[in-house]
Structures are given as C-alpha cells and as structure tokens.
Student: 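My questions will all concern the structure given below.
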Amino acid sequence: MPERVRIVFDDADDVPVAKQVPETEEIQGSKPVKRKDQPTDHQKQKRKKRKLEGSTDTRSQEFTSSNETQPEPVSRDTNEKDAVNGVANGTSDHLKNKNHKTKKQAPQGTKQNFTSLREKAKALYETRKNLPIFPHGDEIRRNLRTNDVMLLVGETGSGKSTQIPQFLVNEQWCRPTKATVAQDDGSEKEMTVGGCIAITQPRRVAAISLARRVAEEMGTPLGSSSPASKVGYSVRFDTSTSPSTRIKFLTEGMLLQEMLHDPSLTKYSAIVVDEVHERGVNVDLVLGFLRNLVSGKKEGRGGVPLKVVVMSATADMESLMDFFKEGLQAQGDTNTTNGNTCQQDSSQPNVEGKISVCHIKGRQFPVKTIYAPAPVHDFVDAALKVIFQIHYKEPMPGDILVFLTGQEMVEALEHLVNEYATGMDPALPKVQVLPLFAALPQVAQQRVFLPAPPRTRKIILATNIAETSVTVSGVRFVVDCGKAKIKQFRTRLGLDSLLVKPISKSAAIQRKGRAGREAPGQCYRLYTEKDYLALDETNTPEILRCDLSQALLNMKARGVDDVMGFPFLTRPPRESLEKALLQLLSIDALEESGKISSIGLHIAKLPLTPTLGRVLLAASEHGEGCLLDVIDIISCLSVENIFLNTTSEEKKEEAEKARRDLYRREGDHLTMLATVQAYAAENTDRKAWAERHMVSHRAMQSVMDVRKQLTTQCRQAKLLPSAGESRNASNNSATREPSPVLILQSFLRGFSTNTARLVPDGSYRTVVGNQTVAIHPSSVLFGKKVEAIMYNEFVFTNRSYARGVSAVQMDWVGDALTGA
DNA sequence: GAGCACTGC
C-alpha cells in the first residue's frame, strides 16, 4: 500500500516547476516571539533563488512555494483568546497554591477573596505587558479623547479584545455623567448617561471567555457573582452582570436587543465592535445604528458623546472609514447640498480628524505556502497524497489539519487514509484520523482535542468549523482545498442554496494561519497560486446572502421607516429589500403605509424569524393549549436537528424502531411536538431517554431553553396566564390532546407561501411559482404522498428539498393565501 | 435518500 502512495508522488516529481516569485505578501515586521534560529528575510530570498535554479528540495517539485514568511493579517482571533487562556492556565496553578496558603488564615473571607484576585491580576499583568497592543495604550487613549470613532486593525494574537476595554475604562469620558435627556413624549428628564463599555462578539463562547479573562486581569469577580464585579457578559440564556459592571461583553444580537429598549444606549460611554470582518447580519445592523448615533445630535443621550471603536482582524478598513466619514459629513455640512462627496480628504479636515485608525501587528509564526502546480479536480485524492507526503517526509511532532467542503468528503477521505495507513511501513509513526464537522456528536468532536498516543500523528479532517469555531493545538500542517459550502438565499426563488464555492483570500489566510499557532508551519493549498490571486478579498457579507425580513423588521421596530435610506455598510440589492418588505406585509407585520404594525412590534421582540413569530401569534388566537404546543414545535425549529444522524443502514433501522412511538403521520411538526412532550414528561433520566430514542440530548436541552424563554415572553405579553395562576387542567400538555388541525393552521398563517401540492405524476409543485420540490429524506413524510404539504424550509443542494414538512389540506392553503 | 458555520430581552 505505501508503495502505491510513493508511486503517486514519484509521478508528481516529473512535473516541471513553474515558479513565480510573488510580488505581494512579503510584508516586513511583526516578528513572532522566540525565533532566534529563523533565517533573515535576506537569507530566505537567497534560498528561494537557489530553489528556483534547481534545488534538491523535493517538496518544491510537487508544490510550488511562495515562501510567505510574514504573518498575514489572520482574521478571527479565537486564537488570541485561546493563547491568552493558555497562559492564564499556566500561571493559575502557581497561584492556586498561594491561594491555598492564605486561605488557611481566612478561609471564607470575602476580603481575602479579593486579595487573591488582586494577586492573580498582578501576575497576569506581566503577560499583558508583552502583548503587541500593550505599548499602544497611550496612543489609543489619546486618539479617543479627541475622536469619537476609532478603527482598529488588530491581527491575531495582538490582544485587542481583552486590552482595549481596559485601556478605556478609566478615561474621563467614560465616567457616568448627569444629563438632561429628551424623552419620546417631548418632555425632558434628568438622568445618568454613560459609564459602561460594551464589547460585542459574534459568538457566545467568545463573549463569556473574554469576560472571564478580563475580570481576572482586572482582579475583579465575574458578573453576578458579586455586586462589586466590574466585568460581566450578556448572551442569550445567560446574563451575568452586577450593579457595578463597567465592562460588558455581549453578542451582537444582545446589543441589538438592548437597543430596542434604549435606542440611544444611554448606559454606555463606548461601544467596541469586535470581529467586524466576520460580517454577520447583526454586526451590519449594529454598525448602521451606531453610525446614526455618532453622527446624530444625541438628544437621547443629553448630548453626551458615544465613542465607537470598530475592530477587525483584516486590514480592509477603507470601506469602514468611508462609511463613518459619510455619516459625519452629512452631520457636518447640512447646508451643503452638493451631491458629490469629497474625494479629497484634506477638503474635509473636520471630518477627517474625527476618525482615527490604528494598526496593531499580530503574533504568529511564519507559515510557508505550497501551491498545487496545476488545478486539482479530485480533492479527496489530492489531499490523500499530500497527507502522506507530509507524513513520510516531515519529522514529528506536527499534526495535519485538512479543510474540506463537507461531511461527505470528510468521511470519504477518512476511509481512504485509514486504508492506506494499514499498509504503511511499521517503522513510520502511526496516524490517527479524526473527522470534525458540526453534525458530529459532541463526544466525537472532543476527540480532536485529546493528545495523540505516542509516535502518532493526528490527521484532522474538518469542514470550515475549524476556521472560526474550533482551535486545535499541535497543528503544523494545513491542507486547504480552497472551497467551502456556502448558504445563499435566492430572493427570486425564495429558497436557500447550499453550494460548494471558492473561499475568499481572507478565509484562505485564516486557514493557513492555523498551521502557525505554536511553531513555524506549512500550508498546502490544493489550488494554484493563480487561483489564489483570483479569489475574492473577503467573504461575502451575510446581509447579501440571507433573507432580509428579520433585519428589516428589526430596523422598523427601531423607528427606521425608510429602510432604503438606512446606512448599510454593504447595501443589499433593492430587489431583496423589496421582497423582504412584501414578506413582512404578507404576515401583517407592517401596515400598508410601510410603518410597523402592533403585530410587527410584537414579533420583533421575539427571538424568532418573523414567520415563526407570526405563527406564534396566530396560535395564541386558538387558545392557551394550542399556543403551548406551537411553542414546543417552534422551539425545535429554531434549534439544530433534534434527531441524531443515522450513518449506517442498520443504525437507521434501529432509529426508526426507537422513534416509532414519536413519529406522527401528520408530519414533522407533530412529530417534534410528540418528542418535546415525551422528553419534558421524562422526569427520571432525560439523557437516557434521549439516547434510547436516538434523539440529541444536547439539542433537546437547547429546545428546553428556547421553550422556557418563549413561554416567559408569552406570559409577559399576556398571551399566556402568568406562572402563578393555576393552569386549567385541560391545558396540561400531559393530559390534553393536541389539535393537529389548529396547530397546522397556525403554521399556515406564516408559511402559506411555503406550500406545495401533489401533481398527477406523483411529484410536488409549489403552490406559488409551480416549482418542483421533493420532501427531504430526513422528514417523516419522506416517500409519502399527500394532497398538499407545508414546509418550514426550501433548500437547494443537489435538488430542491422541502424540510420540516407536514401534510395539509388544499382548502386550508387557499384560506391562508387569501387571508381568510 | 441527505446534513457549511454562527446567532437572539
């Protein structure tokens, strides 16, 4: 077997080396720590030249090398956070001992507790001082004293997420200020404005772990653990703050939610928007609202300025600069009606001076890039060759991380690598293949983090989950296929497409950076350098790829009536905006005038898509029992798949058997209801119950969280009687029979356009648009023929699929479409 | 006969 692999490589050796020296990507500076043995750039150039003239380095004959040495601006710094945590763990043992000693004298004393917190913070200060951003503290403070807006490029490992809030928290402008604030009704009110700093994060875990770290560095307890805590966080289902909180980490969605109640963000003196380069829809909305705030008159803040710091890991700051400049200009020259914005910066000195830009180098080991000499068509085959090429030639240690497009490819390659490895020379180190994708059970995902057995190289086969969400240590080799599956909403068809597309340059750089976390590394790109240079610079912002109805409802709820005039960092096509407006109109979230309706306002407050929110309100009209049932179903729909994947044929049969008592012939919605109710009724061991029924316990825990949140909100909105009021016995879900007709009719109020009818040839055609759609194989209705179906999602992968499907009657669909 | 990745008072 190994022979075969070798032969493949020998073939490749005949490929002539067509090496071009790249003009780009050779940026000086930012040397990683502890690298005395590294050659200088001059030496590297020399070596590169030698290689071109025909070196003995066999590696370069298979893959041309661009010899990138500089740490590129690697986006997304989960790394940074991990690195920081790693150091923290290193010191904490030592501190724990200290702690232990002092505890003997005053075991329970709060005072003692604070002393140890301070000691720990003191020790951490030494680490903080070494962060690349640390020397920039004064400069950053100085800039923000005069400017309200600051753009900061901080590469991976620069320490920006943890240090910026600490740099600013003791500034004069960050103190709470008494101000006279204009109220909505025109009256004025004396109130305190400012005092807090908010830092937004795209992910929950990041928000929580950063808060924990910053609390440690500041020597303060975390969040709600003490009323004196200065650092807290707020994410969905988990808010931990205190009356003394001055620094708060929150998810972008949480900040939007806060803005719904306090549009002027009166609690805050500064908002730090971190990781903007990820460009989720929420961050685009946050930036639009913040631009309006900083360039407005700030009546809602009694004139107290709000400082905005926008942080990104990629250097693409020009568009952000223009974005904020435009807002401040509009404020500055209200008299000028000149349509052309000034090209020359110097002609707008007032505006220019209000925005500062700061660039902080990161800390990353160099990663050498090796390109495929010719375009690759079979990624599985190409990756297999490269994996063994690395394994044969490169010394241990050094794990390999392979980026592939999806589960299918991961499993195919896993199979092949294992097959080759069985015939490998026993003298060679062993290999351990570890698949990694989101649908993999948690336990299997965790295996990636365990150290490999002795003399074993880990080979991690991952989807783009490893690009942002998960950091694996020990990786020195990255193999990148250059593609990813990307979900795109197609307005015209009203469906989501999940297609394999080339990644962006910044994603390629991000993937490559995963090899240089702990030591110099190598990145094998399974595409040519020419193809790399042709990639888009950045990922397509989500706002161009998704259904905009939720974003628009969000804006309408904040009083933005002219959504076409909203300051979008990237403006979605007019067609998408119009489609979303029509969609909102069709569910009565907007009035004919385009203003938000009372129904719309209600829906905007729910943590649901507008359609699901509409369903919830429709269900409330059918009584308490129906609403409770619909909440159960909606909770499932807003969570990942609750049923575990069935990989093998026998497992599939096993699952069918285990779930038989949960399946409902009416379809997926009532099946979900039966599952939630059975799970909730299980009072002894829910985990065991889930395992028995091949239901994901993790997903069900999330379902229960959402269910609780929605129930609470419905009680507050008086859609349900308050918790204290005794429930009508007939409404107890354990004893009451659900009404499938009422439930499905409630769903049709939101999903009337997501319906299809059976046509004589046995296929389904959408009622609106007459497109062919197939029931997704994961549905309980898969292979069944009913008069008509209603579905939650319309997805195009290899063909058009309806997911989340229930049987409905055509006359219900007719009623729902005509609004009867 | 099939599942890129996140997120929400």
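Letters A, B, ... are given to chains in the order of the sequence lines, protein chains preceding strands, and every chain is numbered from 1.
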Student: Give A:Gln713 one of three labels, base, sugar-phosphate or nothing, depending on what nucleic acid heavy atoms sit under 4.0 Å from its own.
Tutor: base
Student: Measure from CG on A:Asn464 to P on B:dC6 and round the result to the nearest Å.
Tutor: 9 Å
Student: Between the side chains of A:Tyr268 and A:Lys248, does any donor sit under 3.5 Å from an acceptor?
Tutor: yes
Student: How are the rings of A:His669 and A:Phe747 set to each other: parallel, tilted or perpendicular (split at 30° and 60°)?
Tutor: tilted
Student: Give the nucleotide from the list B:dC9, B:dG3, B:dA5 with an atom nearest to the side chain of A:Gln407.
Tutor: B:dG3
Student: Starting at the 5' end of DNA chain B and moving along, which residue's nearest nucleotide shows up first, A:Lys605 or A:Phe437?
Tutor: A:Phe437
Student: Base, sugar-phosphate or nothing for A:Ile465? Non-hydrogen atoms, less than 4.0 Å.
Tutor: sugar-phosphate
Student: Can you tell me how far C1' of B:dC4 sits from CG of A:Asn641, to the nearest Å?
Tutor: 15 Å
Student: Between B:dC4 atom P and A:Asn798 atom CG, what is the distance in whole Å?
Tutor: 10 Å
Student: Is the shortest side-chain N/O distance from A:Thr797 to OP1 or OP2 of B:dG3 below 4.0 Å?
Tutor: yes
Student: Between A:Ala439 and A:Gln709, who's closer to the 5' end of DNA chain B by nearest nucleotide?
Tutor: A:Ala439
Student: Among B:dA2, B:dC9, B:dT7, find the nucleotide with the atom closest to the side chain of A:Thr251.
Tutor: B:dT7
Student: Looking at every strand, decide which applies to A:Val235 at a 4.0 Å heavy-atom threshold: base, sugar-phosphate, or nothing.
Tutor: sugar-phosphate
Student: A:Arg803 near the nucleic acid: base, sugar-phosphate alone, or nothing, with a heavy-atom cut-off under 4.0 Å?
Tutor: nothing
Student: Mind checking A:Leu606 for me? I need base, sugar-phosphate or nothing, with any heavy atom below 4.0 Å counting as a touch.
Tutor: base
Student: Using a cut-off of 4.0 Å on non-hydrogen atoms, how would the nucleic acid contact of A:Leu608 be classed: base, sugar-phosphate, or nothing?
Tutor: base
Student: Determine the sole option in A:Arg514, A:Lys512, A:Arg511 for which the salt bridge (charged side-chain N to carboxylate O under 4.0 Å, His left out) test with A:Glu467 is passed.
Tutor: A:Arg511
Student: Round to a whole Å and report the spacing from NE2 of A:His602 to P of B:dC9.
Tutor: 15 Å
Student: Just to be sure I understand the rule, does A:Ala484 reach a base, reach only the sugar-phosphate, or reach nothing, if contact means heavy atoms closer than 4.0 Å?
Tutor: nothing
Student: Using OP1 and OP2 only, check whether a side-chain N or O of A:Thr239 sits under 4.0 Å from B:dC9.
Tutor: no
Student: To the side chain of A:Arg203, which of B:dC6, B:dC9, B:dC4 is closest?
Tutor: B:dC6
Student: What is the distance, to the nearest angstrom, from the CD atom on A:Glu408 to the P atom on B:dG1?
Tutor: 14 Å
Student: Could you tell me how far apart A:Leu499 (CG) and B:dA2 (C1') are, to the nearest whole angstrom?
Tutor: 15 Å
Student: I'd like to know if the side chain of A:Asp668 pairs up with that of A:Tyr791 as donor and acceptor (distance under 3.5 Å, no hydrogens or angles considered).
Tutor: no
Student: With a cut-off of less than 4.0 Å, is there a side-chain N or O of A:Ser469 near OP1 or OP2 of B:dA5?
Tutor: no
Student: Expressed as a whole number of angstroms, how long is the span from A:Leu256:CG to B:dT7:P?
Tutor: 15 Å
Student: From the set B:dC9, B:dA5, B:dA2, return the single nucleotide nearest to any side-chain atom of A:Pro607.
Tutor: B:dC9
Student: A:Tyr801 has a side chain; which of B:dA5, B:dG1, B:dC9 sits nearest to it?
Tutor: B:dG1
Student: To the nearest Å, how far apart are A:His776 NE2 and B:dA2 P?
Tutor: 8 Å
Student: Got a sec, which residues hit side chain to side chain donor-acceptor pair (under 3.5 Å) with A:Asp536, two or more places apart in sequence or on another chain?
Tutor: none
Student: Given A:Arg279, which of A:Thr538, A:Asn539, A:Asp284 fulfils the side chain to side chain donor-acceptor pair (under 3.5 Å) condition?
Tutor: A:Asp284
